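Here it is, the structure in full.
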Amino acid sequence: MAASCREFTGLARPAATRPKLRRSPNELCFCPPLEQKEPGQQERRRRKKLAGRGVTVVAAVSEELPRLASTAGNSAAVAGRPPPPGKVAVRAALTVRRKHKEDLKEAVAGHLDALWDMVGQGVALELVSTKIHPRTKKPVQSGRASIKDWSQKRGAKGENVVYTAEFTVDADFGEPGAVLVANRHHREFFLESIVVESGLPCGTVYFACNSWVQTTGELPDNRVFFSNKPYLPSQTPPGLREIRDKELKDLRGDGTGVRKISDRIYDYAMYDDLGNPDRGKEFIRPILGGQKIPYPRRCRTGRPPTDTNMLSESRVEKPHRIYVPRDETFEELKQGAFISGRLRAVLHTLIPSLIASVSAETHNFQGFHHVDNLYKEGLRLKLGLQEHLFQKIPLVQKIQESSEGMLRYDTPSILSKDKFAWLRDDEFGRQAIAGINPVSIERLTVFPPVSKLDPAIYGPPKSSVTERHIAGQLNGLTVQEAMDKEKLFIVDHHDVYMPFLDRINAIQGRKAYATRTIFFLTQAGTLKPIAIELCLPPSQSGEPQPSKVLTPPCDATSNWIWMLGKAHVSSNDAGVHQLVNHWLRTHAIMEPFILAAHRRMSAMHPIFKLLHPHMRYTLEINALARQSLINAEGVIESCFTPGPVSGEISSAYYRGHWRFDLEGLPADLLRRGVAKEDATQPHGIRLLIEDYPYANDGLLLWSAIGSWVESYVQLYYPDAGTVQNDDELQGWYHESIHVGHADLRDAPWWPPLSTPRDLAAILTTLVWLASAQHAALNFGQYPLGGYVPNRPPLMRRLLPDPERDAAEYAMFLADPHRFFLNAMPGVLEATKFMAVVDTLSTHSPDEEYLGEGRDEGAAPWTGDEEAVAAHIAFVADVRRAEETIDGRNADHGRRNRCGAGVLPYELLAPSSSPGVTCRGVPNSISI
């Protein structure tokens with residue numbers, strides 16, 4: 001987010017002249033009288049944030065803006081000379097963000113641009129009025145004016161530079177509604193904003209651009225930027241209608257051709273690039289998308305097919321860039337934190353080094369102290385590898401200056417208050433409602449649990465858990481009484497895994513069950529695991545499934561078996577969390593809505609303005625995931641139980657369980673039976689687990705988002721007719737469903753979009769998924785999952801069984817400690833997993849958090865005063881939610897988040913500093 005003009009100048013209006021709701025556009029940077037003032041709390045916070053990013057605000061900007069401010073409103077001064085009669089002088093001030101670092105090629109291009117500029121072949125602007133010419137019926141335009149000071153400011157210091165262009169227009173020109181920009185230089189530049197000052201009746205007009213402007217060699221047509229005033233399609237001023245339509249047409253493209261990195265085209269494709277059949281049959285993966293394997297659509301790149309399979313798109317392998325529309329790519333700060341310093345360093349440097357460093361003799365952890373040493377002493381690397389690693393990878397530290405370098409991982413939060421907490425059953429239960437995956441637990445309503453899989457293939461559907469197994473764990477209640485009193489809950493991954501277990505267990509070094517875990521809600525409000533069922537596929541179709549039912553231990557042997565059972569449950573849960581709840585239900589399902597928003601809604605559309613901060617970076621991070629995380633033999637396949645069937649497991653959930661109408665928080669809690677409708681409660685529902693940290697805190701943010709969205713929607717849609725007659729809005733929603741989610745387009749559960757209430761509900765769900773839901777599922781991955789014995793991402797052994805393998809069982813009895821660790825991921829798998837989830841749990845320095853002010857530099861995000869006032873109220877609601885969350889974490893009555901050795905639940909606390917913090921709710925899915 002750019003710093004505001006006020007921040008650069010330190011200038012502000014006197015307090016007595018400020019309006020109550022918000023500053024008007026003229027008060028942003030250019031309105032006299034101006035006075036020096038001490039920065040307020042919000043201003044100091046913004047300066048501190050910029051300082052944390054390494055942003056220096058210096059002369060190129062701060063010298064220019066006061067000069068512009070001093071001449072504001074005086075048309076003669078703006079132009080530098082009196083305009084002819086009937087004419088008005090206009091000045092446009094462009095804020096351009098400069099790169100922190102330039103390579104040699106870019107530096108040479110910069111010098112060429114300065115020379116090119118001196119001969120009149122620089123950056124040119126043209127103003128477009130909101131009016132049309134009465135005779136030609138075409139938009140009134142100003143004529144082209146070039147930026148005059150580009151070459152002079154070539155050596156200016158600072159992140160942002162302000163350039164100017166001057167126009168002379170007719171006095172009846174009207175209000176500038178768009179600016180056309182032609183970049184005749186040799187390289188692109190990032191345009192943050194344009195501020196147009198004049199003596200026209202409209203006063204100052206603001207254009208929030210935040211976009212890369214390509215050269216005319218890359219993009220012959222002029223770039224179009226609209227003012228910050230929102231317009232529904234039917235309200236578009238006559239002079240802007242044609243440009244509005246053309247801009248959307250250009251963004252859609254024609255569906256053909258290979259996309260260039262510089263393109264700005266948004267289009268759809270199936271997930272046909274996860275495999276690489278040209279490398280061999282082990283890299284073949286099914287295409288995700290279509291009736292056979294339904295899936296949301298992703299951003300089209302148009303790459304040619306592979307040599308060996310015409311249906312598979314050829315891959316762009318790291319470190320080469322994969323296409324996303326140019327404005328969706330990471331900005332420089334994010335690139336620095338993520339690409340060179342984080343994920344690519346991990347994937348390209350650390351993991352191959354680990355492969356070379358971990359010998360066969362150290363494949364397994366030799367003891368729990370060996371695991372602990374990853375955080376205390378580090379992982380010893382072979383000679384010659386360490387120096388490069390220490391320079392490239394911030395997640396590890398150099399702790400020993402010697403010929404044998406060390407990698408040391410940060411201690412995960414799960415060990416910070418009680419390193420033995422993970423061994424306790426109450427902690428195992430607590431993590432089901434306050435851990436990495438708090439969205440799988442359901443109320444148990446049928447006992448024994450019943451599978452929905454085809455019994456002709458998978459055998460009798462009834463679970464093997466009986467009342468005899470759990471009767472002694474229910475505080476004197478029968479099973480039926482416990483269900484009636486809403487005391488029994490279940491995490492059931494049986495049907496997710498069972499169809500794929502044969503293929504998973506055929507993979508060398510990987511073993512899994514299909515698991516069910518039943519919990520009892522105690523009087524203290526905590527969850528106690530009372531039964532674990534571990535199932536394997538039947539040997540013949542329709543036969544009963546081999547299964548084991550484990551109950552809390554009563555002796556040493558059963559304690560180790562119980563620990564192994566919990567580890568298998570956690571491994572199941574880790575796969576469902578990563579592939580279904582995290583990747584599919586946030587990343588993948590949001591992408592079609594984002595593509596459709598850019599294709600069907602103009603930047604002028606008020607709903608596009610609402611959604612814009614919640615779409616930031618999502619296409620880029622999803623593209624990187626296809627390249628390195630969810631691809632064949634990628635990190636997810638290598639580190640998690642499902643392996644090469646990962647995509648099919650994700651697709652199976654999408655086909656059979658995903659419903660957009662149930663993705664909002666209240667609806668999801670009701671679907672899982674962990675809440676009941678109750679009009680007397682603040683959020684309209686009553687939680688059956690009163691101390692359910694994810695749900696408790698989530699409802700605060702859901703309510704704040706809902707109130708903000710409803711108030712915003714009401715500003716533009718007073719009745720059903722305005723919603724139904726908005727072609728862009730209806731086109732966005734229709735395309736999101738019928739193209740972006742084409743495989744489920746005929747599902748009866750898609751919510752209608754007919755009334756303002758419908759619209760608010762749809763938007764609230766999307767904002768929730770992009771912000772709070774993703775944060776709850778993502779930023780705890782390393783802090784809560786970085787200690788592998790607590791939550792192994794995969795298992796390598798089934799439970800010891802004297803009937804199946806007597807020798808193995810004897811080994812278990814002789815050394816259960818060693819057997820347990822050998823069932824865990826080995827050193828290589830564990831350290832690879834730890835390195836990646838550390839990266840994915842990291843906030844970048846330029847993160848934009850839910851409830852922060854939407855100051856986008858010199859140009860406010862909207863010109864609508866009422867929308868600004870509504871957003872200010874939203875900011876206040878989010879701050880109150882954070883204060884409430886802080887209070888809950890200090891409440892000793894809430895035992896699932898406060899107590900001896902108990903971690904506070906902060907994943908939905910909105911604010912955060914950069915790094916791995918186990919808190920913070922970014923606006924968008926950006927990691």
Side-chain angles (χ1 to χ4, degrees), residues 2 60-61 92-126 144 146-147 149-151 153-156 158-165 178-194 207-226 247 250-251 253 257-266 299 301 320-336 339-340 598 603 616-617 619-620 623 846 856-859:
V61 177
L94 294 79
T95 300
V96 174
R97 183 188 304 163
R98 305 176 63 147
K99 285 190 173 183
H100 290 177
K101 299 178 181 179
E102 289 184 340
D103 58 27
L104 179 62
K105 182 179 179 181
E106 290 172 326
V108 171
H111 287 292
L112 286 174
D113 289 346
L115 295 172
W116 211 242
D117 198 72
M118 294 172 68
V119 297
Q121 292 297 314
V123 178
L125 276 65
E126 190 167 6
R144 181 172 286 188
S146 295
I147 290 177
D149 48 358
W150 191 283
S151 58
K153 293 182 177 178
R154 163 67 187 157
E159 182 190 35
N160 289 35
V161 181
V162 175
Y163 303 101
T164 57
V179 179
L180 307 181
V181 181
N183 175 13
R184 296 173 291 185
H185 284 164
H186 294 81
R187 61 175 181 170
E188 64 182 3
F189 63 87
F190 189 84
L191 180 59
E192 280 197 353
S193 63
I194 302 172
F207 299 78
C209 307
N210 295 301
S211 178
W212 290 98
V213 179
Q214 304 300 324
T215 67
T216 50
E218 291 279 1
L219 183 70
D221 292 340
N222 294 329
R223 281 298 311 277
V224 179
F225 296 101
F226 297 105
E247 174 73 354
D250 290 344
L251 290 172
V258 179
R259 298 275 63 84
K260 298 179 297 183
I261 292 298
S262 59
D263 284 347
R264 298 174 58 246
I265 293 176
Y266 297 78
C299 183
T301 65
H320 301 292
R321 291 171 59 186
I322 189 169
Y323 171 77
V324 293
R326 183 65 183 96
D327 289 339
E328 304 303 318
T329 57
F330 293 158
E331 294 177 18
E332 194 171 8
L333 276 173
K334 180 78 169 180
Q335 288 175 341
I339 298 176
S340 63
H598 285 280
R616 184 177 187 238
Y617 292 157
L619 298 186
E620 170 86 335
D846 70 339
E856 298 184 4

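Since this is a predicted model, take the numbers as computed values, not measurements. Throughout, numbering of the chain's residues begins at 1 and tracks the sequence.
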Might you point out which heavy atoms bring V181 and L125 nearest each other, and give the distance in Å?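 Heavy atoms of V181 and L125 come nearest at CG2-CG, 4.3 Å.
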Can you measure from CD (E247) to CZ (F225) and round to the nearest 0.5 angstrom?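 Between E247 CD and F225 CZ, I get 8.5 Å after rounding to 0.5 Å.
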Please name the pair of heavy atoms, one in G122 and one in H185, separated by the smallest distance, quoted to 0.1 Å. CA-NE2, 3.4 Å
Pairwise distance CG(L619) to CD(E328) - rounded to 0.5 angstrom: 4.5 Å
I'd like to know if the side chain of R97 and the backbone of N160 have a donor-acceptor N/O pair within less than 3.5 Å.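 A pair under 3.5 Å: no.
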Could you go through T329 and R321, starting from their C-alpha distance and side-chain angles, then the distance that decides it, and tell me whether this counts as side chain to side chain contact (heavy atoms under 4.5 Å, CB included)? CA-CA 10 Å; T329 57; R321 291 171 59 186; 3.8 Å; yes
From E159 CD over to E192 CD, what is the distance, rounded to the nearest 0.5 angstrom?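 One gets 6.5 Å once the value is rounded to the nearest 0.5 Å.
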With distance as the sole test, does R326 use its side chain to make a donor-acceptor pair with the main-chain N or O of K260 at under 3.5 Å? no
Is the shortest side-chain heavy-atom distance between Y617 and D846 below 4.5 Å?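 In contact.
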Out of curiosity, D263 CG to L251 CG, how far, rounded to the nearest 0.5 Å?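 That separation rounds to 11.0 Å.
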So which atom in T301 and which in Y323 form the shortest heavy-atom distance, rounded to 0.1 Å?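 Heavy atoms of T301 and Y323 come nearest at CG2-O, 3.9 Å.
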Is a donor from one side chain sitting under 3.5 angstrom from an acceptor on the other, for E218 and S262?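 Distance-only check passes for E218 and S262.
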From T216 atom OG1 to H186 atom NE2, the distance as rounded to the nearest 0.5 Å: 9.5 Å
For A92 and I194, which heavy atoms make the closest approach, and how far apart are they?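 So the two residues come closest at CB-CG2, 4.2 Å.
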To the nearest 0.5 angstrom, please state how far the OG1 atom of T164 sits from the CD1 atom of I147.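 Atom-to-atom, T164:OG1 and I147:CD1 are 8.0 Å apart.
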Is the H598 ring parallel, tilted or perpendicular to the Y266 ring (thresholds 30°, 60°)? parallel
Look only at the side chain of D327 and the backbone of R264, and say whether a donor-acceptor pair between them is shorter than 3.5 Å.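 No; zero donor-acceptor contacts below 3.5 Å.
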I need the minimum non-hydrogen distance between C299 and P325, along with the two atoms involved. SG-CD, 3.8 Å
Please say which of L94, N183, V96 ends up in a side-chain contact (heavy atoms from CB on, under 4.5 Å) with V213. N183
Provide the closest heavy-atom pair for D149 versus V162 in the form atom of the first, atom of the second, distance. OD2-O, 4.2 Å
Any idea how Y163 and W150 line up, ring-wise: parallel (<30°), tilted (30 to 60°), or perpendicular (>60°)?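 Because their plane-to-plane angle is under 30°, the rings of Y163 and W150 count as parallel.
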Under a 3.5 Å threshold, yes or no: a donor from one side chain and an acceptor from the other, between N222 and E126? no
